Amino acid sequence: MVDSIEFDLIICGSGLAGLRAAIAAAKKGPNLKIGIVSKLQVMRSHSVSAEGGTAAVICEDEGDTIESHIYDTVKGSDFLADQDVAEKLCVEMPKEIYQLEHWGMPWSRKDDGRIDQRNFGGYSFPRATYASDKVGFFEMQTLYDTCQKYENIEYLNEWFATSIVHDGRRFMGLTAIELSSGTFYIIKGKALIIATGGAGRLYSFSTYALSSTPDGLDMGFRAGMALKDMEFVQFHPTGILPSGILITEGARGEGAYLLNNKGERFMKNYAASKMELTPRDIVSRSIMTEIQEGRGFKHETGVDCMKLDLRHIGDEVIKEKLGGIREISIKFSGVDPAKELLDIRPVCHYMMGGLHTDIQGATEMQGAWAAGEAACNSVHGSNRLGANSTSECIVWGKITGELAVEYIQKGIPSIPWPHHLVVAEEKRIYDGIFRGNGDVNPYEIRQQLTDTMNDKAYVYRNETDLVAGLKKIRELKVQTWKHVDDKAKEYNTNFSNVMELDSMFRVAEIVLIGAINRKESRGAHARTDYTKRDDVNFLHHTLAYYDPNEPIMKTHPVTITKYKPVERKY
Amino acid sequence: MTQDENKEGVGGMINPRRYGIERVAYWLMRLSGLGLLAYFIGHIYETSNILRGQVGWTELLEMTSTPFFHIILSIVIAMCVFHTVNGIRVMLGHGGIGVGKPSRPDYPYDPASQNYRHKIGIYSAIVLAAVAMMYGLAVLFGE
Amino acid sequence: MRESTIMKIHYGTALAAVALVAVHILMRLTMNFAESLEYETVLANYKFIPYALMLELILILLSVHGFNGLRVILLELKQGRTYEKAVSYGCLAAMVGLIAYGSRTIIMVNMGMV
Amino acid sequence: MAQVSSVADKQTTSSKSITLRISRYNPEYDDASRFMEFNVSYEKWTTVLEAILEVKQYFDHSVAVRYSCRQATCGSCGMMINGKPRLACFTKISELDSNVVTVEPMSNFPIIRDLAVKFERLFDTHHKIKPYLIRDDTEIESDEKEFLQSPEEVEQYIQFANCIKCGLCNAACPTMATDSSFVGPQALAQAYRYVADSRDKGKDSRLKMIDESHGIWRCHFAGSCSQVCPKGVDPAMGIQLLRGYLLGFRS
Ligand SMILES: Cc1cc2nc3c(=O)[nH]c(=O)nc-3n(C[C@H](O)[C@H](O)[C@H](O)COP(=O)(O)OP(=O)(O)OC[C@H]3O[C@@H](n4cnc5c(N)ncnc54)[C@H](O)[C@@H]3O)c2cc1C
Ligand code: HEM
Ligand code: SF4
Ligand code: F3S
Ligand code: FES
């Protein structure tokens, strides 16, 4: 018999979205038992790495408007964003900035004591609210610390969720492995919020935490939820070499230049009005074009790169506003940004896609919501603007937290527990993965898989590469890699790594298929064989549904309210 | 210490190699405190001999006038000086004096509380203790 | 007692002791060291009421300070309810004991019982 | 290195190697820990974490180690490296200046397995010191306009807000080495972080909380916590300033 525990609300994931949801739920439903299930300890989630800012309109007295934030977001998305959703983000966000502030967030301040903001890519007003360059970290700290006020939140730290238990229509619980003991558990619950974050470790050159793998997305996918718009992967222009650690866009927000080997600020040839502060997709493409046309540099590892110049910003301002990246540059690149140029290269940074939800964050399964990067409520369309993601996590964290509580409070009739699903899941992971044997090193396979994604589905894409990539992934999948050498139960990360790999295959496939199908260039998805945006055939979202053999691909309409798609120019 | 708690235990606590002079000061403070307490108890016992009159007192005086006791006494002097001087430093520190002001840290981090003022305090406690001990030895073995 | 009160006493006793012990030691140094330990000198000292009072004070201060220091060290060495209680009361008892024993000397000498 | 092998040409850079000694221990099966040695090559930027993961991926899959961000912001990878508590992802092999790199689980934390340790006590003590603004609830739970705070006021606590809960300070502190009830530098520094925040009104209740027999007084200003902190938090300073309030030196 499998051990089981029970909560009213289960939140899977303890990043920004998960913690914000927990607070909203704990406040609204003080009598409910809330469990945060996370494969990491609280405060170890990828969200702590977010650096540059959180977008919100808080300076209306200085001329900023919500309207403008909405339009910037929609235009940044290359008109694939659902416009009602973008509006919701921009309307809700200012309140959240103040709410966070009241909970202790150490926002950077202006001299008069008000919250300060900085410039960010693609915005027509400096509206990235910042706290030095550790925004995500401080937000996580604020939320985690605020969670400490609520005694009805319980933390299941280092529990690896493996599947969603449901009756075909309605959410009923999770199965999970407690890593420290290796015990397999059923976690029963009335409602679920999936906040398992992005999956950027699909790429080997990535800004993401090593733990950002698609197992959370895959869990929803296997339970019948659709994955939406997975082909849109954001490449951030400035990742350092060789680690891929991010230099925030805030650096350019504070005035940093991008230089090619002629010493030119080459962005003037691509987007003269916004220069370095053009949305990321365009800057990344510009860098790759420069490199391809021979105006790049070579890093000592032999990798092509470009230079980022912060020297004119000055040591004092760098220390004050960009202390985190100063530390990163000195430590990981051996470069003091006040004195030397940084080697940078576009790097996998964000997944616009995720579990398909409506504007309220509800998934297609009753009782299950998704929030944060794991969700795709289509606020970012085909390209997210910097600083809009932490905003999204916070806004939909709150919305889903409250809605889930309302749902639970309405009362849910009980139905028999689907034991067979748990048995099947146990079989899948223990017989299929844990005891599955094979002689290929799963880590090597993972390396090949992520390298393939890097090579074949990077900033510029084309049919040949994508098809070759898909073929390679499918080859890797059938190799006999499924083996877990480590047979101990306690803290078996070999086991969880292999489970992560298992999920990477399914999700990588969807990214590639979606990219192959989308024969146009839109936002972050740039095809060299279809260089134009094609609103006639492709102004729609991509959906992928689970099928044991091959994902079932569908489309979904884009919600357009006020802004008719026009050519996107900066 | 038991391995399930994985605490470093006394050995790790006094290991002088890893954490600079501050750690040395830390356990010298303890050691001298304990040493002084031991001496103090002995001293009370010693002086209580005065109740045994002239004979008893002189007997004891003779017993403690050996080189061995003199060395002990010198060490006590050293401990006393170190404990007192370092004690004053520690007390100031505990009150938040001379530990620096909060400020934005810049990489590479250099903790303001581990500053030269306190280091000087520690070194001077050690030096003064050594000097006092020399003086004590000179007086005790001098005649 | 609140821990802060105890520790304030710890610091207070230390500070007061600095002054008094300094006097005590200086007195030893006003004359030749060996001479200062002569029975007569010592006895005379004890009989000099202000000095005796000072000695009594030093005795109390240092006992309080020293045994509280010992308590702190022992508390940090090992934990557990009974152990901690034992340490606290043990140190208190030892402190009272030492003070009583030392005071006996001072009082008896002072009252001319030698 | 693993991150860019697709784009990097491994041959172009020279490779040196060191012996990595990893402490292995599973309390369920083993009586005592033992060391396993691996020969790993490194570049000038290779971190200890990368070296450990290299071992995990290519030599022995069963090494248990906790990691996530690999950029010193998540606080996962604290361990004893050549005897001192450090973040594995923030320690480059090249800066250790030694042919042998020994990694052991962080001291003063119970071992789960190999290099992974239990953090429950750190999370508990952090919880205990009320790490949130204490102030009238209606003010806190409102989302209208900010509490004003000048940049100078931010400076009073921002240093302490940098704590990533890695626990290195607790691993270095001599009191923690023997006292399993001590609140510890991590939590005390956080108590100061909130006390020093001009928006907070909970000083008295927080001071009361840490004024107990295994509270703030068990810190003897040894300073090791500040020496090992990877984020410049300087817990030793925070603790002494906090104690300043209790002793009446500050108000
Ligand atoms: C380097 C970097 C910098 C960024 N900077 C900015 C910025 O300046 N501004 C901005 O707006 N955005 C930024 N972003 C984007 C933003 O940080 C992320 O999109 C956001 O933090 C995602 O938060 P999340 O809560 O959705 O997920 P995450 O923080 O990724 O959390 C995922 C959680 O899910 C848990 N989990 C995953 N799988 C499982 C499982 N199987 N079982 C149990 N738990 C599981 C994990 O343990 C974790 O707790 C940045 C991103 C990166 C990579
Ligand atoms: C006269 C000057 C003295 C001063 C200024 C002084 C000061 C101090 C201070 C400040 C401490 C606290 C240290 C800490 O918490 O880190 C301390 C501890 C201690 N003192 Fe003293 N002291 C003096 C004399 C003595 C004497 C004479 C004795 C012996 C009877 C003694 C015994 C101790 C002990 C046992 C400790 C505990 C050790 C520790 O916690 O590190 N002290 N002293
Ligand atoms: S104070 Fe420093 S060493 Fe201690 S937990 Fe925080 S970041 Fe780590
Ligand atoms: S090391 Fe420990 S003793 Fe105090 S100054 Fe730091 S907490
Ligand atoms: S892995 Fe996050 S701090 Fe080292």
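No experiment lies behind these values; they were computed from the predicted model shown. In the text below, chain A, chain B and the rest are named by the order of the sequence lines, each starting its count at 1. Only heavy atoms go into these numbers, but all of them, side chains included; no hydrogens, no water, no symmetry mates.
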From [atom1] ([X]) to [atom2] ([Y]), nearest 0.5 Å:
| X | Y | atom1 | atom2 | result |
| --- | --- | --- | --- | --- |
| D:Lys145 | A:Lys95 | NZ | NZ | 13.5 Å |
| A:Tyr150 | D:Tyr132 | OH | OH | 10.0 Å |
| A:Lys331 | D:Cys89 | NZ | SG | 9.5 Å |
| A:His102 | D:Arg199 | NE2 | CZ | 8.5 Å |
| A:His46 | D:Thr73 | NE2 | OG1 | 9.0 Å |

Top contributor to chain A contacts, counting heavy-atom pairs under 4.5 Å, from [options]:
| options | answer |
| --- | --- |
| D:Glu152, D:Glu120, D:Glu95, D:Gln190 | D:Glu95 |
| D:Ala116, D:Cys69, D:Ser68 | D:Ser68 |
| D:Ala64, D:Ser76, D:Cys166, D:Ser150 | D:Ser76 |

Can you tell me which portion of [X] sits under 4.5 Å from chain A's heavy atoms? Options are side chain, backbone, both or neither.
| X | result |
| --- | --- |
| D:Tyr157 | side chain |
| D:Glu139 | backbone |
| D:Asn162 | both |
| D:Leu53 | side chain |

For the pair [X] and [Y], find out whether any cationic side-chain nitrogen is under 4.0 Å from an anionic carboxylate oxygen.
| X | Y | answer |
| --- | --- | --- |
| A:Lys27 | D:Glu141 | yes |
| D:Arg193 | A:Asp145 | no |
| A:Arg109 | D:Glu153 | no |

Non-hydrogen side-chain atoms of [X] and [Y] separated by less than 4.5 Å:
| X | Y | value |
| --- | --- | --- |
| D:Arg66 | A:Gln41 | yes |
| A:Phe138 | D:Ile158 | yes |
| D:Glu146 | A:Arg114 | yes |
| A:Phe137 | D:Lys231 | no |
| D:Phe147 | A:Glu101 | yes |
| A:Arg44 | D:Phe119 | yes |
| A:Thr493 | D:Tyr67 | no |

Structural part of [X] lying under 4.5 Å from a heavy atom of chain D:
| X | result |
| --- | --- |
| A:Glu51 | side chain |
| A:Asp112 | backbone |
| A:Met453 | neither |

Open item on the list: Treating A:Gln141 as the side-chain partner and D:Ala161 as the backbone partner, does any N or O pair qualify as donor plus acceptor under 3.5 Å?
Closed with: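 Answer holds: yes.
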Nearest heavy-atom pair of [X] and [Y]: which atoms, and what distance?
| X | Y | answer |
| --- | --- | --- |
| D:Asn26 | A:Glu490 | ND2-OE1, 3.0 Å |
| D:Lys56 | A:Asn497 | CE-OD1, 3.5 Å |
| D:Ile140 | A:Lys149 | CG2-NZ, 3.7 Å |
| D:Lys165 | A:Tyr144 | CE-CE2, 3.6 Å |
| A:Tyr491 | D:Val65 | CE2-O, 3.9 Å |
| D:Gln71 | A:Ser49 | NE2-CB, 3.7 Å |

Open item on the list: Using the rule given for side-chain contact (heavy atoms from CB on, under 4.5 Å), can you reason through D:His126 versus A:Met43, listing the C-alpha separation, both sets of side-chain angles and the distance that settles it, and then say yes or no?
Closed with: CA-CA 12 Å; D:His126 179 77; A:Met43 285 302 288; over 6 Å; no
- [ ] With sequence neighbours left out, write down each residue that passes side-chain contact (heavy atoms from CB on, under 4.5 Å) with A:Asn441, or none if nothing qualifies.
- [x] A:Tyr443, A:Glu444, D:Tyr58, D:His61
For chain D, which candidate among [options] shows the most heavy-atom pairs at distances under 4.5 Å?
| options | answer |
| --- | --- |
| A:Ala209, A:Ser45, A:Gly113 | A:Gly113 |
| A:Thr146, A:Ile115, A:Ile328, A:Leu246 | A:Ile115 |
| A:Ser212, A:Pro106, A:Ser211 | A:Pro106 |
| A:Asp486, A:Val42, A:Asn492 | A:Asp486 |
| A:Met140, A:Gln448, A:Lys487, A:Glu327 | A:Glu327 |
| A:Val498, A:Val48, A:Ile245, A:Asp485 | A:Ile245 |

Open item on the list: Using a 6.0 Å cut-off, check whether atom NZ of A:Lys110 has over 12 heavy atoms from anything other than its own residue.
Closed with: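 For A:Lys110, atom NZ is crowded (more than 12 foreign heavy atoms under 6.0 Å).
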Task: D:Lys130 atom NZ, over 12 foreign heavy atoms within 6.0 Å - done: no
Open item on the list: Does D:Glu28 form a salt bridge (Lys or Arg N to Asp or Glu O under 4.0 Å) with A:Lys489? I'd like the steps, not just the answer.
Closed with: CA-CA 10 Å; D:Glu28 285 294 313; A:Lys489 292 184 80 180; over 6 Å; no
- [ ] Specify whether A:His299 and D:Trp45 have parallel, tilted or perpendicular ring planes, treating 30° as the upper limit for parallel and 60° as the lower limit for perpendicular.
- [x]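 Aromatic pair A:His299/D:Trp45 classed tilted.
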